[in-house]
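Heads up, the thing below is written out as structure tokens.
Predicted model, so just to flag it, every value in this text is computed and none were measured.
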Amino acid sequence: MIGLIVLLVFGAVLGWLASIVMRTENQQGVFLNIGVGVAGALLGAMAVADGGITAGISVTSLLVAFIGALVLVGVVNLVRHGSAH
């Protein structure tokens with residue numbers, strides 16, 4: 001349970017950072033950025049970590065979650081605006 005809460009918090013921060021990197025922070029809104037970050041963190045954690053979301057926080061898991069958030073921010077931007085940037 002605590003792993004999920006930590007994932008949500010870090011996912012929100014990573015979603016915000018991913019939106020800054022992708023230059024979409026002003027276009028999508030705070031809630032969409034947080035949602036995409038959480039979803040990216042969850043998908044990244046489940047795809048790479050052996051223990052899923054309960055594997056714990058490490059530099060590798062944060063990097064994977066950030067990459068997942070970046071990919072999802074790009075996909076959402078592509079669907080909404082027709083381009084990944």
Side-chain angles (χ1 to χ4, degrees):
M1 181 66 172
I2 291 181
L4 180 61
I5 293 169
V6 170
L7 179 70
L8 292 174
V9 170
F10 279 110
V13 171
L14 292 173
W16 172 68
L17 290 174
S19 70
I20 290 173
V21 170
M22 297 293 286
R23 297 184 183 131
T24 61
E25 71 271 14
N26 295 327
Q27 299 169 2
Q28 297 184 160
V30 173
F31 293 113
L32 184 59
N33 289 335
I34 291 171
V36 168
V38 169
L42 180 63
L43 290 174
M46 293 179 79
V48 175
D50 291 334
I53 60 173
T54 61
I57 300 298
S58 67
V59 173
T60 304
S61 66
L62 289 174
L63 182 62
V64 167
F66 182 64
I67 291 170
L70 280 174
V71 169
L72 281 180
V73 167
V75 168
V76 167
N77 204 32
L78 182 65
V79 169
R80 292 185 79 215
H81 302 290
S83 70
H85 277 276

Give the minimum heavy-atom separation between Val21 and Phe66, together with the two atoms involved.
CG2-CZ, 3.9 Å

Tested for side chain to side chain contact (heavy atoms under 4.5 Å, CB included) against Met22, the lone hit among Leu17, Val73, Val76 is Val73

Leu72: which residues meet the side-chain contact (heavy atoms from CB on, under 4.5 Å) condition with it, sequence neighbours left out?
Val36, Ala39, Leu43

Verify the cluster assignment for Trp16 and Val9: are they in a single hydrophobic cluster under the rule of side-chain heavy atoms below 4.5 Å apart?
no

